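One structure is given below, encoded as structure tokens.
Residue numbers start from 1 in every chain, and the chains themselves are labelled A, B, ... in the order their sequence lines are given, proteins ahead of strands. What you see is a predicted model, and the numbers here were worked out from it, not measured in a lab.
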Number of protein chains: 2
Amino acid sequence: MDGARERITTNIRKGVLEYCVLALLSRRDMYGLELADWLAVRGLTASEGSLYPLLARMRQAGTVQTRWVAPEQGHARRYYAITDQGRAHLRVFATVWREIQPHVDELMGEEG
Amino acid sequence: MDGARERITTNIRKGVLEYCVLALLSRRDMYGLELADWLAVRGLTASEGSLYPLLARMRQAGTVQTRWVAPEQGHARRYYAITDQGRAHLRVFATVWREIQPHVDELMGEEG
DNA sequence: CCACATGTCTTGCATAGCAAGGTATCTTGC
DNA sequence: GCAAGATACCTTGCTATGCAAGACATGTGG
């Protein structure tokens, strides 16, 4: 067996990871590892190695903004919040997703 | 407005195009432009510039095989057919898709 | 004070869509 | 015949992005 399954999963994630992050942040602010864990459990990302560079890009693009929070116990954390621009991008993604996903679903529906 | 929508669409396609092709070929053999038209109409690809290199890779990977067909009228066409290996990859994709797609759907369901 | 967990981030690589451009062959109209 | 356009195939070069691996810093517990 080659790494076919990993390659497949990786490529699907390329299209959706950024907008899953935006959707999560539209519910509530979260910090890096918290996002990483939530996403990893659901198979939406593999490690922080993809998430932190993505978050940095998003911050630069202006779809998220951040603040440091120092809890009374434990490590200082950088919390991420979605911006208005981020919400706009998320709406565009949701539209595109609803256009493409049914076609893929239909094609895969005949499988298995 | 930047090219946000195009970037989003392009990245979703990166994950699914190859397996939409396999799913189509599991129905019947098709030739290059025929595949390109079918996929373009449904927003699954933008031009032959992505399809032909993909088909070449797939041929090399052994998930499809090809034969030339010269019709009585018109151009000679290279027809693509799915192989057993292609069918196996398609099944793996369908499984992964069914794992990931519901999570994305749920996250996007709250959008607009 | 040493080991481990928790947090953030970087480096370098491999992959794949696509715009643009190229070539050849077949049909149609004059 | 011959020019123009449709049909069919393919290539080059660019860019974007997930990720393995690793680095670093700080807090916690024995």
Euclidean distance, atom [atom1] of residue [X] to atom [atom2] of [N] [Å, nearest integer]:
{"X": "B:E48", "N": "D:dT12", "atom1": "CD", "atom2": "P", "answer": "17 Å"}
{"X": "A:M58", "N": "D:dT17", "atom1": "CE", "atom2": "C1'", "answer": "13 Å"}
{"X": "A:W68", "N": "C:dT6", "atom1": "CH2", "atom2": "C1'", "answer": "12 Å"}
{"X": "B:E6", "N": "C:dA16", "atom1": "CD", "atom2": "P", "answer": "22 Å"}
{"X": "B:L55", "N": "D:dC10", "atom1": "CG", "atom2": "P", "answer": "8 Å"}
{"X": "B:L35", "N": "C:dG17", "atom1": "CG", "atom2": "P", "answer": "14 Å"}
{"X": "B:L44", "N": "C:dG17", "atom1": "CG", "atom2": "P", "answer": "12 Å"}
{"X": "A:R77", "N": "C:dT6", "atom1": "CZ", "atom2": "P", "answer": "10 Å"}

Query raised in the report: Do any pairs count as a salt bridge (charged side-chain N to carboxylate O under 4.0 Å, His left out) and have a residue in residues 16-29 of chain A, sequence neighbours left out, and if so which ones?
Result: A:E18-B:R7, A:R27-B:E106, A:R27-B:E110, A:R28-A:E34, A:D29-A:R67
Residue pair [X] / [Y], side-chain heavy-atom distance below 4.5 Å:
{"X": "A:L33", "Y": "A:Y52", "value": "yes"}
{"X": "B:L22", "Y": "A:L107", "value": "no"}
{"X": "B:W97", "Y": "A:D105", "value": "yes"}
{"X": "B:V21", "Y": "B:L51", "value": "yes"}
{"X": "B:L90", "Y": "A:M108", "value": "yes"}

Query raised in the report: Near DNA chain C, which residues from residues 8-19 of chain A have a heavy atom under 4.0 Å away?
Result: A:N11, A:K14
Which nucleotide, [options], lies nearest any side-chain atom of [X]?
{"X": "B:Y52", "options": "C:dG17, D:dT11, D:dG18", "answer": "D:dT11"}
{"X": "A:L33", "options": "D:dC9, D:dA20, C:dG7", "answer": "C:dG7"}
{"X": "A:Y31", "options": "C:dG7, C:dA19, D:dC19", "answer": "C:dG7"}
{"X": "A:T45", "options": "C:dG17, D:dC19, C:dT8", "answer": "D:dC19"}
{"X": "A:S47", "options": "C:dG17, D:dG18, D:dC19", "answer": "D:dC19"}

Requested in this report: Map A:L54 and B:Y80 onto DNA chain D by nearest heavy atom, then report which one ends up closer to the 5' terminus.
Outcome: B:Y80
Query - Closest-nucleotide 5' rank along DNA chain D - winner of B:G49 and B:D37 - result: B:D37
Requested in this report: With DNA chain C as reference, determine whether A:R78 or B:P53 sits nearer its 5' end, using the nearest nucleotide of each.
Outcome: A:R78
Query raised in the report: Hey, does the side chain of A:T66 reach the backbone of A:R78 with a donor-acceptor pair shorter than 3.5 angstrom?
Result: no
Requested in this report: Would you confirm whether B:T45, through its side chain, and B:L39, through its main-chain N or O, come within 3.5 Å as a donor-acceptor pair?
Outcome: no
OP1 or OP2 of [N] less than 4.0 angstrom from a side-chain nitrogen or oxygen of [X], does that happen here?
{"X": "A:S50", "N": "D:dG18", "value": "no"}
{"X": "B:R57", "N": "C:dG17", "value": "yes"}
{"X": "A:R7", "N": "D:dC19", "value": "no"}

**Report entry** Closest non-hydrogen atom pair, A:R13 against A:G43
**Finding:** NH1-O, 2.9 Å
Query raised in the report: Shortest non-hydrogen contact from A:T83 to A:G62?
Result: OG1-O, 2.7 Å
Requested in this report: May I ask you to say what A:Y79 touches in the nucleic acid, namely base, sugar-phosphate or nothing, with a heavy-atom cut-off under 4.0 Å?
Outcome: nothing
Distances under 3.5 Å between protein N/O atoms and the N/O atoms of nucleotides 26-30 of chain D, please, pair by pair.
| unit_1 | atom_1 | unit_2 | atom_2 | d |
| --- | --- | --- | --- | --- |
| D:dT26 | O2 | A:H75 | NE2 | 2.5 |
| D:dT28 | OP1 | A:G74 | N | 3.2 |

